[in-house]
Undergrad: 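Can you read through this structure? Questions will come right after.
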Amino acid sequence: MDTKVLRKISDGLYLLTAKDGNKLNGCVINTLERVTTTPNKVTISVIKENFTHDMIMKTGEFNVSIFSEAADFETLKNFGFQSGKDTDKFKDFPYETSENGLPYITKGTNGFISAKVFEKIDLGTHTLFIADVTDGETLSSEPSATYDYYQKNIKEAPDKKAKGWVCKICGYVYEGDPLPEDFICPLCKHGASDFEKH
């Protein structure tokens with residue numbers, strides 16, 4: 001099978017946020033889908049290793065900020081390339097709070113939605129959350145950033161001197177050959193299929 005065909009699917013880019021007690025956290029996802037309109041329901045698929053995943057499992061609520069084409073790489077790095085288990089991603093980052101008490105960001109986004117989980121499905125490495133949309137707001141008229149747009153216009157190019165296997169998502173370099181089939185990127189948590197020889 002040509003796994004590259006899956007990259008033809010037009011995914012968006014989102015900041016998934018949650019709150020547990022006083023702890024705020026967020027991670028970057030490309031797996032938000034609107035699945036029904038009446039009533040409004042969405043799904044998100046989240047890697048189990050993400051701290052945000054554990055918070056949603058516990059609280060059953062989340063917000064999603066929709067990245068626009070005005071998003072910058074520093075914002076995506078802040079939320080996507082470090083773990084909330086040992087970093088306060090919101091410490092120096094401006095955010096707003098929606099009616100459900102969860103954070104959302106306005107920098108580089110064009111809207112946000114709030115949702116409450118009503119079903120969870122175990123997908124092995126990920127959990128699929130099915131949720132009711134409880135709130136939402138349009139923040140700008142900037143076009144939404146697709147995953148393809150991120151790859152071509154927002155993400156920094158990998159270091160030309162890097163040798164080994166390069167993660168196509170975040171640019172992390174695995175120095176060694178071969179790349180283990182079960183390798184998980186330590187930065188963005190994507191698997192070996194998202195690496196290419198450099």
Undergrad: Show the nearest heavy-atom pair for residues Ala115 and Val42, with the distance to one decimal.
TA: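 Closest pair (atom of Ala115, atom of Val42, distance): CB-CG2, 4.3 Å.
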
Undergrad: In terms of heavy-atom contacts, does NZ of Lys197 have more than 12 from other residues, nucleotides or ligands at under 6.0 Å?
TA: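 Enclosed: over 12 neighbouring heavy atoms sit under 6.0 Å from NZ of Lys197.
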
Undergrad: Once rounded to the nearest 0.5 Å, what's the spacing between atom OG of Ser98 and atom CG of Asp135?
TA: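 Rounded to the nearest 0.5 Å, the OG-CG separation comes out at 6.5 Å.
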
Undergrad: Nearest heavy-atom pair of Ser10 and Thr146: which atoms, and what distance?
TA: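 For Ser10 versus Thr146, the nearest heavy atoms are OG-CG2, 4.1 Å.
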
Undergrad: Could you give the distance from CG (Leu24) to CG (Asp88), rounded to the nearest 0.5 Å?
TA: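 Nearest 0.5 Å value for the CG-CG distance: 7.0 Å.
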
Undergrad: Run Phe90 and Phe79 through ring pair (Phe, Tyr, Trp, His ring centres under 6.0 Å) and show every step you take.
TA: CA-CA 9 Å; Phe90 282 99; Phe79 290 103; 5.1 Å; yes

Undergrad: Verify whether one side chain among Thr52 and Asn25 offers a donor that lies under 3.5 Å from an acceptor in the other.
TA: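 Indeed, the side chains of Thr52 and Asn25 share at least one donor-acceptor pair under 3.5 Å.
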
Undergrad: Does Leu76 reach the side chain of Phe81, with side-chain heavy atoms less than 4.5 Å apart?
TA: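 Answer no - side chains too far apart.
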
Undergrad: Ile47, Ile184: one ILVMFWY side-chain cluster at the under-4.5 Å cut-off?
TA: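 No, because Ile47 and Ile184 fall into different hydrophobic clusters, even though each may have its own neighbours under 4.5 Å.
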
Undergrad: Under 4.5 Å between any side-chain heavy atoms of Phe93 and Thr75, yes or no?
TA: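 Heavy-atom side-chain distance check passes, below 4.5 Å.
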
Undergrad: Can you tell me how far apart OG1 (Thr109) and CD (Glu137) are? Round to the nearest 0.5 Å.
TA: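 So the OG1 of Thr109 and the CD of Glu137 are separated by 10.0 Å.
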
Undergrad: Dump the intermediate steps for side chain to side chain donor-acceptor pair (under 3.5 Å) on Gln82 and Asn78, then the final yes or no.
TA: CA-CA 7 Å; Gln82 58 184 343; Asn78 180 61; 3.1 Å; yes

Undergrad: Heavy atoms only: give me the nearest Tyr95-Pro103 pair and the separation to one decimal.
TA: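 Taking every non-hydrogen atom into account, CD1-CB, 3.7 Å.
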
Undergrad: Is the ring centre of Phe195 less than 6.0 Å from the ring centre of His190?
TA: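 No, too far apart.
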
Undergrad: Does any part of the side chain of Lys19, heavy atoms only, come nearer than 4.5 Å to the side chain of Asn100, both counted from C-beta?
TA: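 With C-beta onward as the side chain, the pair stays apart.
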
Undergrad: Evaluate the criterion side-chain contact (heavy atoms from CB on, under 4.5 Å) for residue pair Leu32 and Ile44; output intermediate values, then yes/no.
TA: CA-CA 5 Å; Leu32 171 71; Ile44 54 168; 3.7 Å; yes

Undergrad: Run the side-chain contact (heavy atoms from CB on, under 4.5 Å) check on Ile56 and Leu16 step by step: do they pass?
TA: CA-CA 10 Å; Ile56 296 169; Leu16 173 66; 3.7 Å; yes

Undergrad: How about CG on Asn22, more than 12 heavy atoms from neighbouring residues, nucleotides or ligands closer than 6.0 Å, or not?
TA: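 Open.
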
Undergrad: Heavy atoms only: give me the nearest Ala192-Pro180 pair and the separation to one decimal.
TA: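 That would be CB-O, 3.6 Å.
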
Undergrad: To the nearest 0.5 Å, tell me how far Glu49 CD sits from Thr125 OG1.
TA: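 These two atoms lie 8.5 Å from each other.
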
Undergrad: Considering residues, nucleotides and ligands other than Lys85, do more than 12 of their heavy atoms fall under 6.0 Å from its NZ?
TA: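 Counting other residues, nucleotides and ligands, NZ of Lys85 exceeds 12 neighbours.
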
Undergrad: Taking the side chain as every heavy atom from C-beta outward, state whether Ile105 and Leu15 have any pair of such atoms under 4.5 Å apart.
TA: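 A side-chain contact exists here, since the closest heavy-atom pair is under 4.5 Å.
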
Undergrad: Restricting to non-hydrogen atoms, name the atom on Met55 and the atom on Asp20 that form the minimum distance, rounded to 0.1 Å.
TA: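 Looks like CE-N, 3.3 Å.
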
Undergrad: What do you reckon, are the aromatic ring centroids of Tyr149 and Phe67 less than 6.0 Å apart?
TA: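 Centroid separation for Tyr149 and Phe67: 6.0 Å or greater.
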
Undergrad: Mark yes or no: Lys23 above the aromatic ring of Phe51, with NZ or CZ under 6.0 Å from the six-membered ring centre and no more than 45 degrees from the axis.
TA: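 No, Lys23 does not lie over the aromatic ring of Phe51.
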
Undergrad: Of Asp132, Thr17, Asn63, which meets side-chain hydrogen bond (donor to acceptor under 3.5 Å, both in side chains) against Ser114?
TA: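 Testing Ser114 for a side-chain hydrogen bond (donor to acceptor under 3.5 Å, both in side chains) against Asp132, Thr17, Asn63 leaves exactly one candidate, Asn63.
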
Undergrad: Under a 4.5 Å cut-off applied to non-hydrogen side-chain atoms, are Thr106 and Glu96 in contact?
TA: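 Yes, their side chains come closer than 4.5 Å.
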
Undergrad: Please answer whether the main-chain N or O of Thr31 pairs with a side-chain N or O of Ser45 as donor and acceptor at a distance below 3.5 Å.
TA: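 The answer is no, because no donor-acceptor pair under 3.5 Å joins these two groups.
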
Undergrad: Are Trp165 and Phe183 joined in one hydrophobic group, where the rule is that I, L, V, M, F, W and Y side chains link up if heavy atoms are under 4.5 Å apart?
TA: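 Yes, Trp165 and Phe183 fall within the same hydrophobic cluster.
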
Undergrad: Between the main-chain N or O of Glu142 and the side-chain N or O of Asn110, is there a donor-acceptor pair closer than 3.5 Å?
TA: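 Checked: pair present.
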
Undergrad: OG/Ser65 to CG/Leu13 distance, rounded to the nearest 0.5 angstrom?
TA: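 If I round to the nearest 0.5 Å, the distance is 11.5 Å.
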
Undergrad: Using a 4.5 Å cut-off on heavy atoms from C-beta on, say whether the side chain of Arg34 contacts that of Val133.
TA: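 In short, these two side chains do not touch, never coming nearer than 4.5 Å.
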
Undergrad: Would a single hydrophobic cluster contain both Val46 and Val64, if residues Ile, Leu, Val, Met, Phe, Trp and Tyr are joined by side-chain heavy-atom contacts under 4.5 Å?
TA: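 Shared cluster, yes.
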
Undergrad: Between Ile113 and Ile29, is there a shared hydrophobic cluster once you connect ILVMFWY residues whose side-chain heavy atoms come closer than 4.5 Å?
TA: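 Shared cluster, yes.
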
Undergrad: Taking Lys41 for its side chain and Thr36 for its backbone only, find out whether a donor-acceptor pair lies under 3.5 Å.
TA: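 A pair under 3.5 Å: no.
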
Undergrad: Using only atom types and a distance under 3.5 Å, with no angle test, would you say the side chain of Lys155 pairs donor to acceptor with the backbone of Phe73?
TA: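 Side chain of Lys155 to backbone of Phe73, a donor-acceptor pair under 3.5 Å: no, none is there.
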
Undergrad: Counting distance only, does the side-chain N/O of Lys116 pair as donor-acceptor with the main-chain N or O of Thr134 below 3.5 Å?
TA: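 Judged by distance alone, no pair lies under 3.5 Å.
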
Undergrad: Side chains of Thr43 and Ile130, heavy atoms from C-beta outward: is any pair under 4.5 Å?
TA: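 In contact.
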
Undergrad: What class does the angle between the rings of Phe129 and His53 fall in, given that below 30° is parallel, 30 to 60° is tilted and above 60° is perpendicular?
TA: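 Judged by the thresholds at 30° and 60°, the geometry between Phe129 and His53 is tilted.
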
Undergrad: Given 3.5 Å as the limit, does a donor-acceptor pair link the side chain of Gln151 with the main chain of Tyr147, or not?
TA: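 No, Gln151 side chain to Tyr147 backbone: no donor-acceptor pair under 3.5 Å.
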
Undergrad: Is the shortest heavy-atom distance from the side chain of Leu139 to the side chain of Tyr104 under 4.5 Å?
TA: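 In short, these two side chains touch, coming nearer than 4.5 Å.
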
